[in-house]
Amino acid sequence: MKPLNRLQMAWRAAQDIADGMVVNLGLGMPVNVSDYVAHDFDVVIQSENGIIGVGPLASANAADPDLVDAGSRRVTLRAGSTIIDSAASFAMIRGGHIDVTILGAFEVAANGDLANWDNRIPDKGPLVGGAMDLAASAQAVWVLMEHNTRKGAPRLLERCTLPLTAVHCVKRIYTDIAVISVEPEGFLVHQILPGISRDALQARTGAKLAFAPDCSDLAAPAIALPEI
Amino acid sequence: MKPLNRLQMAWRAAQDIADGMVVNLGLGMPVNVSDYVAHDFDVVIQSENGIIGVGPLASANAADPDLVDAGSRRVTLRAGSTIIDSAASFAMIRGGHIDVTILGAFEVAANGDLANWDNRIPDKGPLVGGAMDLAASAQAVWVLMEHNTRKGAPRLLERCTLPLTAVHCVKRIYTDIAVISVEPEGFLVHQILPGISRDALQARTGAKLAFAPDCSDLAAPAIALPEI
Amino acid sequence: MAIEKRRATADEAVAGISDGATIMLSGFAGSGFANQLVAALRDLGPRNLTLVVNSATHRLANTHELIEAGMVRKVICSAARGHDKSGLSAFEQLYKDGKIELEVLPQGTFVESIRAAGAGIPAYFTPTGFGTDLAAGKETRRFGARDYVLEQAIAGDVALIRADTADRWGNLTFRHAQQNFGPAMATAAKLAVAEVRGFSDTPIPSAQVQLSGVFVDRIFVADVRA
Amino acid sequence: MAIEKRRATADEAVAGISDGATIMLSGFAGSGFANQLVAALRDLGPRNLTLVVNSATHRLANTHELIEAGMVRKVICSAARGHDKSGLSAFEQLYKDGKIELEVLPQGTFVESIRAAGAGIPAYFTPTGFGTDLAAGKETRRFGARDYVLEQAIAGDVALIRADTADRWGNLTFRHAQQNFGPAMATAAKLAVAEVRGFSDTPIPSAQVQLSGVFVDRIFVADVRA
């Protein structure tokens, strides 16, 4: 079976979102998660720029330049939404009022350390945005990332090598080939893509893996990536 | 000439309020100041409970139990007003956005220390309310108080004897017999009630007084106290 | 499945509040008291409560009923007495007898500490109170030309707040000066319960919401006959 | 005499801003940039500015024009580059050449520090950034089971913010996500100037005001043709 594509990974994370949750979705892959939340759920999507209750992307003719999410996407408001200023938005984030934030990452360590910002792009200044606040203070931090870099290096490590975003924060990791939680003892695998053995998964991972007793197959429906 | 009564003292303080000022008025005597502000001035009266733009007291049939100032008085709103919550109200106060607060006091020291709360009423608990915030952070603290206690003891002192509200904060004092500013060197008298000599004023004061070169007569129009 | 935060009775709205809880009560200057929730809390009868309330006694609040019922161990407030000068209130009698613990804070510190708890800030420096008895024993530090006091966040287990209108998401509006401590308290408590005048079957328009339902767990529509 | 905060032109609205000033600029994610005021500031041409702005570069903001004009000594932001991956922006070139000073903060710390300045709080502890490069060298302290970083307030000389509607008291409303950093910046700056879409000849109703005019010193009604 093929590894999950980015939208399938978003779909898989969405399956773990419960009714009534307040969720913040990071730029890039994570924002797609909202498309796969059960339609009859009341899930509140919070965006750092102050929107509480982000709806789907706006259609071209309904797009409003002042109705944007933190990723500058023109969005709609869900019923029951409101908008607050940035000070209040980050008070909400830092105060622990976000149940789950789903973030992209470069690396996650077995102690839950997260590295998802990088100030080492040559000549470019650092860009951190709201990631540190979200990672430090959301009730749960879930990571969506490929299991390995394009060069095949592991992203799940004993210790992060890149600059940290926050310490001891990641609870779950959804990769293209596995679903893994971070426990006090380290990484615990809950699902593996059929066709990948436990040994093969361990070989592609930079830290010791444990396997849950009920470890099962990772599966997702077919979802085509949009043509770009 | 008779000493100023409480409303005349409020009138006198009101004469020093400039157009456009943001003013907070303490419970008791100070709230009367608003009645004597020039009618063509845009003065914004802030109340600690979050009203920005308190208007006159409400008439009996217009009184609204939810439209109250910090003293539980049923008030009206002026044009251009808004209402914020207590956290925002005290952020405004502590942040230095109040131009003048006019407070009652028990004692003022020559170094500007203010004592206007008292936790020594037998068996009663302490009550401080918002006085410490106002005294510490308004751009100017003006005090309205009788020059002496009922027993004749001075309220203007070298050092306060009662528990302090804030240190080094008072800028001006309006008493029933004088208008005095607090300078780095101590008390400076700007107006004295006609018939009271400088020596007599000094004798009723617990700290050294200096007199401004343009020290003038304290005068106020006749204002009858309401019958209670 | 739709979010449903409404509770049919005040008793259901306060259900589960237990001994030793820290309870935040909104209201100031006569407006914003969740009196029906407080009455239900009194009937529920948990003991050893800590109250976080601006005034230990206000003639329009029924905070005193919790105190009279012997349910309160400690009060954190900015005003430990009302303006009533006749006799001693229940609080004052207990305070005189050393039977209730008291922490008095300047009102701005009181509410900023509540806001801080809701905003994930454990401590902050404030100029308020420096050099006064209320800062005695507290850490101080000079920044620039001024001296400041380090104050700590105040978190609650429960906030009982009063608002005007709620919708099913728990979004709230407030009448005039009714909000006072309510929004900050709702952010600072694990369980926030709002007593409201009315319930809107349609969502409150985004620009009219004064406190997001994210901070509100239960709604009780006040009984107008009470 | 009625308060009159309106200025007829953007030039008048930014008049008096001088060399060495700390300028706060609102706007985030494409909304809330006071671009006409920024253009007027560029024409005015003060030097050695410190900019407090969330993004040093955003394709819908003209912050970069101040930087390109060599007016900026330092930038305090949470994003020192845009998402544009092609080439180097003016900021990035100066940064590469060591010709501009940079302070990067987590976005929540950035705005809380601005809010703190406006709220009279010189410093506060936050969990954000603990254990990361952005907290290197900063004071830390443990409260309960967590570690926190001490962060300092960020005050401004001037805030240039964008809003929707103003009245003559300077009260403001904002469209949707337009407010972002504007309200906090207005409270933190000595001089707050608001660029607005429209002016209301009647007072904005109390419950609709999103930022009190107490915090707003000058109003400029944006030129729709610009």
Side-chain angles (χ1 to χ4, degrees), chain B residues 27-28 47-51 54 64-77 81-96 113-115 117 119-137 160 162-169, chain C residues 26 28-32 54-60 75 77-83 85 88-89 91-93 95-96 100 102 104-112 114-115 118 126-135 146-147 164 174-184 187 210-211:
Chain B
L27 305 189
S47 188
E48 298 98 286
N49 66 332
I51 301 186
V54 179
D64 184 320
D66 289 321
L67 190 45
V68 287
D69 69 7
S72 299
R73 304 179 324 146
R74 293 182 181 182
V75 295
T76 54
L77 294 178
S81 65
T82 190
I83 303 179
I84 55 181
D85 79 335
S86 295
S89 177
F90 279 93
M92 185 176 167
I93 291 168
R94 202 176 37 237
D113 286 0
L114 170 69
W117 75 297
N119 61 10
R120 301 191 302 188
I121 298 179
D123 305 334
K124 294 258 184 183
L127 186 162
V128 64
M132 285 191 181
D133 301 277
L134 286 160
S137 296
C160 292
L162 292 168
L164 293 186
T165 306
V167 296
H168 310 309
C169 62
Chain C
S26 68
F28 181 39
S31 179
N54 182 64
S55 303
T57 306
H58 189 287
R59 69 191 196 296
L60 296 174
V75 175
C77 66
S78 85
R81 57 177 132 107
H83 296 285
K85 283 168 184 150
L88 293 184
S89 68
F91 170 80
E92 289 160 352
Q93 186 63 52
Y95 176 68
K96 178 188 172 190
I100 199 159
L102 176 65
V104 177
L105 294 168
Q107 192 171 140
T109 299
F110 174 83
V111 68
E112 183 68 13
I114 295 167
R115 187 255 178 203
T126 176
T128 305
F130 178 84
T132 75
D133 292 355
L134 290 193
R146 294 197 70 185
D147 295 299
D164 189 60
F174 297 88
R175 285 195 77 236
H176 301 310
Q178 186 179 57
Q179 51 184 329
N180 55 71
F181 302 98
T187 68
Q210 291 176 279
L211 181 66

Legend entry - Closest non-hydrogen atom pair between Ser47(B) and Ser89(B), with its separation: O-OG, 3.7 Å

Inset, instruction - Return the option, out of Ala29(C), Ala56(C), Ser31(C), Pro106(C), with the maximum number of heavy-atom pairs under 4.5 Å with chain B. - result: Ala29(C)

Legend entry - Best-contacting candidate, Gly129(B), Gly50(B), Ala88(B), against chain C by heavy atom pairs under 4.5 angstrom: Gly129(B)

Legend entry - Asp69(B) portion near chain C, given a 4.5 angstrom heavy-atom threshold: backbone

Inset, instruction - Apply side-chain hydrogen bond (donor to acceptor under 3.5 Å, both in side chains) to Thr165(B) and list each qualifying residue two or more places apart in sequence or on a separate chain. - result: Asn116(B)

Legend entry - Phe181(C): partners by ring pair (Phe, Tyr, Trp, His ring centres under 6.0 Å), with sequence neighbours left out: Phe28(C), Phe110(C)

Legend entry - chain C contacts, top residue of Ala131(B), Pro65(B), Ala166(B) (heavy-atom pairs, under 4.5 Å): Pro65(B)

Legend entry - Residue, of Gly129(C), Gly32(C), Gly108(C), Cys77(C), that accumulates the most heavy atom pairs under 4.5 Å with chain B: Gly108(C)

Inset, instruction - With a 4.5 angstrom heavy-atom cut-off, could you sort out which part of Arg175(C) is near chain B: side chain, backbone, both or neither? - result: both

Legend entry - Segment of Leu105(C) engaging chain B (4.5 angstrom heavy-atom cut-off): backbone

Legend entry - Minimum heavy-atom distance Asp85(B)-Gln179(C), with the two atoms named: CB-OE1, 3.6 Å

Legend entry - Ser86(B) side chain to Asn180(C) side chain, donor-acceptor N/O pair below 3.5 angstrom: no

Inset, instruction - Measure distances from Ile84(B) to the heavy atoms of chain C and classify the residue's part below 4.5 Å as side chain, backbone, both or neither. - result: backbone

Inset, instruction - Heavy atoms only: give me the nearest Gln107(C)-Asp133(B) pair and the separation to one decimal. - result: N-OD2, 3.6 Å

Inset, instruction - Quick one: closest heavy-atom pair of Val104(C) and Leu134(C), and the distance? - result: O-CD2, 3.7 Å

Inset, instruction - Measure Ser55(C) against the heavy atoms of chain B and call it side chain, backbone, both or neither at under 4.5 Å. - result: neither

Legend entry - Heavy-atom pair count under 4.5 Å with chain B, highest-scoring of Gln178(C), Arg146(C), His176(C): His176(C)

Inset, instruction - List the steps, then state whether side-chain contact (heavy atoms from CB on, under 4.5 Å) holds for Phe90(B) with Thr128(C). - result: CA-CA 11 Å; Phe90(B) 279 93; Thr128(C) 305; over 6 Å; no

Legend entry - Which atoms of Leu67(B) approach chain C - backbone, side chain, both or neither, heavy atom under 4.5 Å: both

Legend entry - Max heavy-atom pair count under 4.5 Å with chain C, selected residue of Ile51(B), Leu164(B), Ile93(B): Leu164(B)

Legend entry - Closest-packed option against chain B by number of heavy-atom pairs under 4.5 Å, given Pro127(C), Ala184(C), Gly30(C): Pro127(C)

Inset, instruction - Write down the atom of Pro126(B), the atom of Leu102(C), and the distance for their closest heavy-atom approach. - result: CD-CD2, 3.6 Å

